[in-house]
Amino acid sequence: MTTVRTPPDWPATEEQARAVQDELRGRVVLDEPGPPPGAGRVTGVDVAYDDEHDVVAAAAVVLDAASLDVVAEATAVGRISFPYVPGLLAFREIPTVLAALDALPCPPGLVVCDGYGLAHPRRFGLASHLGVLTGLPTIGVAKNPFTFTYDDPGLARGSTAPLLAGTEEVGRALRTRAGVKPVFVSVGHRVDLDNACAHTLALTPEYRLPETTRRADALCRRALREATP
DNA sequence: GCGACAG
DNA sequence: ATCTTGTCGC
């Protein structure tokens with residue numbers, strides 16, 4: 001486990017944070033298909049908080065994309081670097097997530113984030129931000145539709161419906177388990193939407209949420225427990 | 001102006 | 001995100 005400090009140039013206000021998003025947004029790559037599902041490695045990242053002690057813990061868990069076996073994992077702990085503000089989640093999570101990714105003993109391959117990428121008020125959510133900062137292919141898989149709208153997809157696993165910001169498709173509601181609430185998939189960096197959905201399906205053989213985020217969620221909670229007095 | 005709002 | 005017991009089901 002590694003410890004992190006908030007970077008000295010980290011935005012201190014919401015206005016500064018939005019300006020950073022507006023500047024970095026132009027560096028997102030949307031015209032690559034991304035790695036094929038079921039091959040290579042897939043990494044889940046997630047974060048847990050203890051606002052009481054101002055502590056944040058992040059985890060990165062690398063899975064073999066074919067077997068979904070854990071290949072490597074790393075954690076990082078730090079101070080909370082930004083309050084939770086809808087639309088600015090990345091500034092709360094990224095420093096610690098970057099530290100966890102850096103601590104991995106192997107390349108992460110595709111990174112699956114717990115939240116959104118393109119589906120964001122300024123089209124630059126957590127997954128997009130992490131992708132631009134690392135250069136890695138990233139996608140976002142969220143549990144809630146945020147401010148977006150969608151029609152319920154068919155009940156069968158694999159059914160999808162557009163996730164809409166007005167008439168613009170910013171992601172997809174994807175049914176990963178028959179009859180269970182869908183997850184909300186959006187593109188981060190260097191992956192297209194069809195492929196992002198295909199990866200999400202490959203990562204959900206049994207549960208609604210991807211194995212990557214399930215593993216990372218369990219690990220960051222454990223890291224937080226062990227780091228908190 | 002008011003409410004809603006990824007995690 | 002987090003606060004939180006038991007409970008129903010495989």
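Labels below follow one simple rule: chain letters A, B, ... track the order of the sequence lines, proteins then strands, and each chain is numbered from 1.
- Regarding Ile80(A), its CD1 atom lies at a distance of 12 Å from the C1' atom of dG7(B), rounded to whole Å.
- Residue Leu88(A) is in base contact, counting any heavy-atom pair closer than 4.0 Å across all strands shown.
- For dA1(C), the OP1/OP2 oxygens have a side-chain nitrogen or oxygen of Arg221(A) closer than 4.0 Å.
- The structure places OG1 of Thr134(A) at 8.5 Å from CZ of Arg190(A), a figure rounded to the nearest 0.5 Å.
- Listed nucleotides dA6(B), dT2(C), dA1(C) differ in distance to Leu224(A); the shortest reach to its side chain belongs to dT2(C).
- Among the protein residues, Tyr49(A) comes within range of the sugar-phosphate backbone only, with heavy atoms under 4.0 Å from sugar or phosphate atoms but none that close to a base.
- Between Asp217(A) atom CG and dA1(C) atom C1' the separation is 10 Å, expressed in whole Å.
- Pairing each heavy atom of Ala202(A) with each of Leu68(A), the nearest pair is O-CD1, 3.8 Å.
- Phe146(A) has its side chain out of reach of Phe184(A): every pair of non-hydrogen atoms, C-beta onward, lies at least 4.5 Å apart.
- Leu88(A) places a side-chain heavy atom less than 4.5 Å from the side chain of Glu14(A).
- Residue Lys143(A) has a polar side-chain atom (N or O) positioned under 4.0 Å from OP1 or OP2 of dG7(B).
- Taking both residues in full, the closest heavy atoms of Arg41(A) and Asp64(A) are given as CG-CA, 4.5 Å, listed atom of the first, atom of the second, then distance.
- The distance from atom OH of Tyr116(A) to atom C1' of dA6(B) is 7 Å, rounded to the nearest whole Å.
- Distance Ile94(A) CD1 to dA6(B) P: 17 Å, rounded to the nearest Å.
- The interatomic distance linking Arg225(A) (CZ) with dT2(C) (P) rounds to 11 Å, in whole Å.
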Per-residue pairing states of DNA chain B in dot-bracket (Watson-Crick or G-U under 3.5 Å; . unpaired, | other strand) read .......
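- Separating the CZ atom of Arg18(A) from the P atom of dA6(B) is a distance of 15 Å, rounded to the nearest angstrom.
- No more than 12 heavy-atom neighbours from other residues, nucleotides or ligands sit within 6.0 angstrom of CZ on Arg5(A).
- Taking the six-membered ring for Trp and the full ring otherwise, the centers of Phe91(A) and Trp10(A) sit less than 6.0 Å from each other.
- Gly140(A) comes within contact range of no nucleotide atom at all, as no heavy-atom separation falls under 4.0 Å.
- Among the atoms of the strands shown, none is found under 4.0 Å from any heavy atom of Ala119(A).
- At whole-Å resolution of the value, CG in Asp50(A) and P in dT2(C) are 9 Å apart.
- Stacking annotation: Phe184(A) is not stacked on the base of dA6(B) (requires ring centroids less than 5.5 angstrom apart and an interplanar angle below 30 degrees).
- Counting any heavy atom pair closer than 4.0 Å across all strands shown, Asp46(A) reaches sugar-phosphate atoms only and no base atom.
- Here the side chain of Glu93(A) is nearest to one of dA6(B), dT2(C), dG7(B), namely dG7(B).
- Rounded to whole Å, the distance from OH on Tyr84(A) to C1' on dT2(C) is 13 Å.
- Under 4.0 angstrom from either OP1 or OP2 of dC5(B) there lies no side-chain N or O belonging to Asn144(A).
- A cation-pi arrangement is not found for Arg172(A) relative to Tyr150(A), the charged atom failing to lie both closer than 6.0 Å to the ring centre and inside a 45° cone about the ring normal.
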